[in-house]
Amino acid sequence: MMKNNNTFKTLLVIQMVSILLGSCSIKEDRTVCPCILNLDYSLVRSDERVHDADNEHLYLMVPPQVAVPVNLGEYPQGQSMVISRKDALLSCYLGYSADRISGGRLVIPQGKDSDSFYSYHENLFIGPDTEEVSVTPRLCGEFTRVVVCFKDNDSATSEMSLQVHSTTNGLDLSTGRPTEGEFSCAMTPCDKESFAFNMPRQGGRDISIDVLCASDLQPLYTIDLAGNLDKASYDWNAESLPPLVIINIDRQNILIDVQIIDWDEAVYFNYYL
């Protein structure tokens with residue numbers, strides 16, 4: 001009886017496969033046939049940078065622009081899904097705040113800085129005869145932690161307040177490109193002489209830091225952050241943004257230097273840890 005039952009199941013599967021294949025014959029338009037996308041999350045799991053992300057769910061923009069939140073813990077071996085059989089851009093995101101995603105965009109609210117946010121993008125070249133495609137996402141940084149240090153100035157954080165402004169406040173999740181919008185937040189004091197904030201990837205060159213008197217919020221001077229980063233060869237279009245920028249200012253409020261720290265060096269700085 002068991003043998004007959006297994007035979008019946010086998011015949012049923014063969015019949016179902018035949019029905020599916022019959023809808024994608026050689027004579028017909030094969031672009032309407034499905035394609036299997038295989039995702040391997042091994043590099044995401046092994047990436048030590050993302051282990052403390054605020055949101056452990058990977059957010060996928062899958063052709064044709066279907067938003068899929070994925071709990072990585074449910075897919076220890078990765079996952080497979082059906083997508084359209086045509087070229088498309090696959091985008092993956094991790095570390096976002098769920099309440100910041102709206103209408104296919106990640107938008108940073110006024111008064112907040114960027115999440116520690118990572119992404120991966122890959123063009124999928126899927127021809128009419130492509131039945132299966134495999135991708136192993138390797139995440140890249142979409143933010144830089146900016147630290148302003150007032151050297152030898154013990155009263156810096158008690159006497160000053162730092163406010164950041166720019167006209168880029170998010171990302172288009174389907175393309176990974178920065179989107180326009182007002183970005184503004186107060187920098188957080190780190191210690192007696194330092195302030196910090198997470199800067200999202202920027203599309204313009206207008207990001208600045210206003211240094212204010214803490215008691216009455218009157219402006220003291222402005223730091224042209226975009227201009228100084230350009231002078232230091234900061235690459236806004238880098239696949240993975242450098243994780244740390246340190247801006248040193250002396251006792252007379254004169255900018256001394258700008259240090260751009262890469263991922264290999266960042267672990268040695270307490271500001272990043």
Practice task
Using the rule that two of Ile, Leu, Val, Met, Phe, Trp, Tyr join whenever any of their side-chain heavy atoms come within less than 4.5 Å, decide whether Met187 and Leu212 are in one cluster.
Solution key: no
Exercise for the section: Find the distance between CE (Met61) and NE2 (His121) and round it off to the nearest 0.5 Å. Expected result: 10.5 Å
Practice task
Report yes or no: do Leu255 and Leu162 belong to one cluster of Ile/Leu/Val/Met/Phe/Trp/Tyr joined by side chain heavy-atom distances under 4.5 Å?
Solution key: yes
Practice task
Over all heavy atoms of both residues, which pair between Gly176 and Leu171 is shortest? Give the atoms and the distance, please.
Solution key: O-CD2, 3.5 Å
Practice task
Taking all heavy atoms of Arg145 and all of Ala196, pick out the closest pair and write down the distance.
Solution key: NH2-CB, 3.5 Å
Handout entry: Pair Asn38, Ser80: side-chain N/O donor-acceptor within cut-off below 3.5 Å
Key = yes
Handout entry: Single-linkage hydrophobic cluster Val148~Leu220, side-chain heavy atoms < 4.5 angstrom
Key = yes
Practice task
Verify side-chain contact (heavy atoms from CB on, under 4.5 Å) between Cys149 and Gln259, making sure each step is shown before the conclusion.
Solution key: CA-CA 11 Å; Cys149 297; Gln259 302 176 48; over 6 Å; no
Exercise for the section: Would you sort out whether Tyr120 and Leu94 count as a side-chain contact (heavy atoms from CB on, under 4.5 Å), showing the intermediate values? Expected result: CA-CA 9 Å; Tyr120 176 82; Leu94 184 73; over 6 Å; no
Handout entry: Side-chain touch Asp230/Trp236, heavy atoms, less than 4.5 angstrom
Key = yes
Handout entry: Expected output: side-chain Ser84 to main-chain Lys86 donor-acceptor under 3.5 Å
Key = no
Exercise for the section: Enter the distance from Leu72:CG to Leu58:CG here, rounded to the nearest 0.5 Å. Expected result: 5.5 Å
Handout entry: Side-chain heavy-atom pair Ile260, Ser233 within 4.5 angstrom cut-off
Key = no
Exercise for the section: Look at the aromatic rings of Phe183 and Phe197 and report parallel, tilted or perpendicular, splitting at 30° and 60°. Expected result: tilted
Problem - Main-chain N/O of Pro200 paired to Gln202 side chain as donor or acceptor, under 3.5 Å - result: yes
Handout entry: For Asp47 against Leu139, the heavy-atom pair lying closest together
Key = OD2-O, 4.2 Å
Problem - From SG (Cys92) to CG (Leu39), nearest 0.5 Å - result: 6.5 Å
Practice task
For Glu239 and Cys140, indicate whether the former's side chain and the latter's backbone hold a donor-acceptor pair under 3.5 Å.
Solution key: no
Problem - Intermediate values then yes/no, side-chain contact (heavy atoms from CB on, under 4.5 Å), Asp40 and Ser134 - result: CA-CA 8 Å; Asp40 177 355; Ser134 298; over 6 Å; no
Practice task
Give the minimum heavy-atom separation between Ser240 and Arg49, together with the two atoms involved.
Solution key: OG-NH1, 4.0 Å
Problem - Nearest non-hydrogen partners of Gly227 and Asp224, listed with the distance - result: N-OD1, 3.0 Å
Fill in the blank from the handout: Tested for side-chain contact (heavy atoms from CB on, under 4.5 Å) against Val164, the lone hit among Asp113, Asp210, Ile209 is Ile209
Exercise for the section: Report the relative orientation of the aromatic rings in Tyr118 and Trp263; use parallel for angles under 30°, tilted for 30 to 60°, perpendicular for over 60°. Expected result: tilted
Practice task
Please answer whether the main-chain N or O of Ser97 pairs with a side-chain N or O of Asp115 as donor and acceptor at a distance below 3.5 Å.
Solution key: yes
Practice task
Measure the shortest side-chain to side-chain distance between Ser91 and Leu173 over non-hydrogen atoms and say whether it is less than 4.5 angstrom.
Solution key: no
Problem - 4.5 Å side-chain heavy-atom contact, Ile249 and Val211 - result: no
Practice task
Look only at the side chain of Arg201 and the backbone of Ala238, and say whether a donor-acceptor pair between them is shorter than 3.5 Å.
Solution key: yes
Exercise for the section: Without swapping roles, check the side chain of Asn198 against the backbone of Ser114 for a donor-acceptor pair under 3.5 Å. Expected result: yes
Fill in the blank from the handout: Rounding to 0.5 Å, atoms CD (Glu193) and CG (Asn248) come to a distance of 9.0 Å
Exercise for the section: Look at the aromatic rings of Tyr93 and Tyr59 and report parallel, tilted or perpendicular, splitting at 30° and 60°. Expected result: tilted
Completion exercise
The single option from Leu89, Ile83, Asp87 that satisfies side-chain contact (heavy atoms from CB on, under 4.5 Å) with Leu124 is Ile83
Problem - Heavy-atom check, side chain of Phe195 versus side chain of Val146, under 4.5 Å - result: no
Practice task
Would you check if the side chain of Thr144 reaches a backbone N or O of Pro242 as a donor-acceptor pair within less than 3.5 Å?
Solution key: yes
Problem - From CA spacing to verdict: side-chain contact (heavy atoms from CB on, under 4.5 Å), Val245, Met199 - result: CA-CA 10 Å; Val245 165; Met199 178 178 66; 5.7 Å; no
Practice task
Could you tell me whether a side-chain N or O of Ser184 sits under 3.5 Å from a main-chain N or O of His165, the two making a donor and an acceptor?
Solution key: no
Completion exercise
Heavy-atom closest pair (Ser208 atom, Thr222 atom, distance to 0.1 Å) is CB-CG2, 3.9 Å
Problem - Shared hydrophobic cluster for Tyr221 and Ile207 (ILVMFWY, side-chain gaps under 4.5 Å) - result: yes
Practice task
Answer yes or no: is there a donor N or O on one side and an acceptor on the other, between the side chain of Arg85 and the main chain of Pro128, under 3.5 Å?
Solution key: yes
Problem - Backbone N/O of Val107 and side chain of Arg100: donor-acceptor pair under 3.5 Å - result: no
Problem - Atom CD of Glu48: over 12 foreign heavy atoms under 6.0 Å - result: no
Completion exercise
Separation between CD (Glu132) and SG (Cys35), nearest 0.5 Å, reads 7.5 Å
Handout entry: More than 12 heavy atoms from other groups under 6.0 Å of CD on Glu180
Key = no
Exercise for the section: Output the distance between atom SG (Cys213) and atom CE (Met160), rounded to the nearest 0.5 Å. Expected result: 9.5 Å
Handout entry: Val82-Val70 co-clustered via ILVMFWY side chain contacts under 4.5 Å
Key = no
